[in-house]
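Worksheet for the structure shown next.
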Number of protein chains: 2
Amino acid sequence: MIKEKGLSYTQAREELINLLLHASTPLSYDNIKNSLSMDKATFYRNTALFEAAEIISSFESNDKKRYYFIEQNLHPHFICTNCNSIECLKEDIIYALDGYKIESITIKGLCPECQKEN
Amino acid sequence: MIKEKGLSYTQAREELINLLLHASTPLSYDNIKNSLSMDKATFYRNTALFEAAEIISSFESNDKKRYYFIEQNLHPHFICTNCNSIECLKEDIIYALDGYKIESITIKGLCPECQKEN
DNA sequence: TTATTAAATGCGACTTAGTTGCATTTAATT
DNA sequence: AATTAAATGCAACTAAGTCGCATTTAATAA
Ligand SMILES: [Mn+2]
Ligand SMILES: [Mn+2]
Ligand SMILES: [Zn+2]
Ligand SMILES: [Zn+2]
């Protein structure tokens, strides 16, 4: 995966790709900093590189943090503006936007839990 | 609009609502700071208040800035990850997410301009 | 209209996710 | 094994947004 894109294969990059491959939702630096052996600067330099190489995607959540993910099938992510939880929405929503290339879709609002509380 | 929600009607709030009402795309503080007579703290305190009162919505773009908008019909916004431009996507896309309340939808990717350059 | 008061504002200090420069280490190639 | 350009760690930095507090203003009562 890394080598296919002509990038050199380092310990840090392997570690980062593995974490993202096995995650069930997008992850921020903050989420995984304790599982990472690399420095924060290395994390961000590599995520930027992987995004440019189109190995990973990301979005900015409500909590001012960026979340990174690797996913085979394009699906929207739901972000709760109350509790900041992030969910994968597996229901297929087809976006045919002529001339645009779609990298990620985020839907913000209130999750079922938070809506009840109102 | 402001009074309907039981908020007091101040010069700063009128100014802010007017700017957002007449904007053709979502706006960040940076976009309009030169047109604003209020302080940055007041801008952010009022946007937070308006969001809580459900007068405005917002999303975090790719450039780490938050964009605010008032819109009658719910439609997605497209954010180009290359040039950071923001567009309203008027084509109606119906999201029926049972149990969720949807406040905003953002689609990220490459706009037609930036995709050509590749 | 004026007096009262709680809420709104401006200002400066602060927070914090992410970035950058530079010295050191490491992966890739010879 | 030697070479070298790229990758990394560290510490300093940047900038969007937040917060405390003194001052001003909107709303209400007199
Ligand atoms: Mn997902
Ligand atoms: Mn719009
Ligand atoms: Zn929630
Ligand atoms: Zn673009």
Side-chain angles (χ1 to χ4, degrees), chain A residues 1-20 26-53 55-69 79 81-82 84 86 104 106 108, chain B residues 1-20 26-53 55-69 79 81 84 86 106 108:
Chain A
M1 207 161 172
I2 295 170
K3 287 189 169 170
E4 272 170 16
K5 300 285 179 174
L7 307 175
S8 51
Y9 189 80
T10 67
Q11 283 307 306
R13 290 179 185 171
E14 180 186 5
E15 189 183 328
L16 181 50
I17 291 287
N18 274 333
L19 271 163
L20 293 177
L27 299 173
S28 66
Y29 172 68
D30 201 52
N31 286 154
I32 53 174
K33 63 184 176 195
N34 297 324
S35 315
L36 289 174
S37 57
M38 79 196 71
D39 184 71
K40 165 171 82 150
T42 302
F43 172 87
Y44 285 114
R45 284 191 279 236
N46 280 328
T47 52
L49 192 78
F50 291 159
E51 285 214 78
I55 297 174
I56 71 175
S57 299
S58 74
F59 57 83
E60 193 79 22
S61 182
N62 238 37
D63 56 6
K64 294 199 249 163
K65 292 173 191 158
R66 184 164 284 274
Y67 287 74
Y68 301 90
F69 61 96
I79 301 172
T81 55
N82 184 244
N84 288 332
I86 297 175
S104 77
T106 57
K108 290 184 188 166
Chain B
M1 206 161 174
I2 294 171
K3 287 190 171 170
E4 273 170 15
K5 299 285 179 174
L7 307 175
S8 52
Y9 189 79
T10 68
Q11 284 307 307
R13 290 178 187 173
E14 180 186 5
E15 190 183 328
L16 182 49
I17 291 287
N18 275 333
L19 272 163
L20 293 177
L27 298 173
S28 65
Y29 172 69
D30 200 54
N31 285 155
I32 53 174
K33 63 183 177 196
N34 297 323
S35 316
L36 289 174
S37 57
M38 79 197 71
D39 184 70
K40 166 171 80 149
T42 302
F43 172 88
Y44 285 114
R45 283 191 280 235
N46 280 328
T47 52
L49 193 78
F50 291 160
E51 285 214 79
I55 297 174
I56 71 175
S57 299
S58 74
F59 57 83
E60 193 81 20
S61 182
N62 238 36
D63 55 8
K64 294 199 248 165
K65 292 172 190 159
R66 184 164 285 274
Y67 287 75
Y68 301 90
F69 60 97
I79 301 171
T81 55
N84 288 332
I86 297 175
T106 57
K108 291 184 187 167

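Lettering follows sequence order; numbering is per chain, from 1.
Donor-acceptor pairing under 3.5 Å, judged by distance alone, is present between the side chain of Arg45(B) and the base of dG10(C). Applying the 3.5 Å distance criterion, the base of dG17(D) shares a donor-acceptor pair with the side chain of Lys40(B).
For Lys33(B) and Thr42(A), each mapped to the nucleotide of DNA chain D holding its nearest heavy atom, the one lying further toward the 5' end belongs to Thr42(A). Nucleotides of DNA chain D nearest to Asp63(B) and Gln11(A) differ in position, and the one nearer the 5' end is that of Gln11(A).
Note that the CG atom of Asn46(A) and the CD1 atom of Ile2(A) stand 8.0 Å from one another [nearest 0.5 Å].
At dA7(D), one or more side-chain N or O atoms of Ser8(A) fall inside 4.0 Å of OP1 or OP2 (strictly under the cut-off). The phosphate of dA8(C) (OP1 or OP2) has no side-chain N or O of Thr10(B) nearer than 4.0 angstrom. Taking 4.0 angstrom as the limit, Arg66(B) places none of its side-chain polar atoms (N or O) nearer than this to OP1 or OP2 of dA16(D).
The nearest whole Å value for the distance from the CG atom in Asn62(A) to the C1' atom in dA16(D) is 15 Å. One can place CG of Leu16(A) at 16 Å from C1' of dG9(D), the figure rounded to the nearest angstrom. Atom C1' of nucleotide dT19(C) and atom CZ of Phe43(A) are separated by 14 Å, given to the nearest angstrom. Across the protein-nucleic acid pair, Asp39(B) atom CG and dC21(D) atom P stand 17 Å apart, rounded to whole Å. Summarising the geometry, the separation between CG on Leu49(A) and C1' on dT19(C) is reported as 15 Å, rounded to the nearest angstrom. Rounded to whole Å, atom P of dA6(D) lies 17 Å from atom NZ of Lys3(A). For Leu7(B) and dA27(D), the CG to C1' distance is 14 Å, given to the nearest whole Å.
Residues Ser58(A) and Lys108(B) are not in side-chain contact: their nearest non-hydrogen atoms beyond the backbone lie 4.5 Å or more apart.
Within 4.0 Å (heavy atoms only), Ser61(B) reaches no atom of the nucleic acid at all. Within the nucleic acid shown, Asn46(A) comes within 4.0 Å of sugar-phosphate atoms alone, with no base atom in reach, counting heavy atoms only. Heavy atoms of Tyr9(B) sit under 4.0 angstrom from primed sugar atoms or phosphate atoms, though from no base atom.
Side-chain proximity of Lys64(B) to dG10(C), dG18(C), dC10(D): nearest is dG18(C). The side chain of Ala41(B) lies closest to dC11(C) when the candidates are dC11(C), dG18(C), dT8(D). Comparing dT19(C), dA28(C), dA16(D) by their nearest atom to the side chain of Tyr44(A) picks out dT19(C).
Test Phe50(A), Phe59(A), Phe43(A) against Tyr68(A) for ring-ring contact (aromatic ring centres under 6.0 Å, His included) and you get one pass: Phe43(A). Checking each of Leu7(B), Leu16(B), Ile55(B) against Leu49(B) for a side-chain contact (heavy atoms from CB on, under 4.5 Å) leaves exactly one that passes, namely Leu7(B).
Shortest non-hydrogen contact noted between Ile79(B) and Ile86(B) is CG1-CG1, 4.2 Å.
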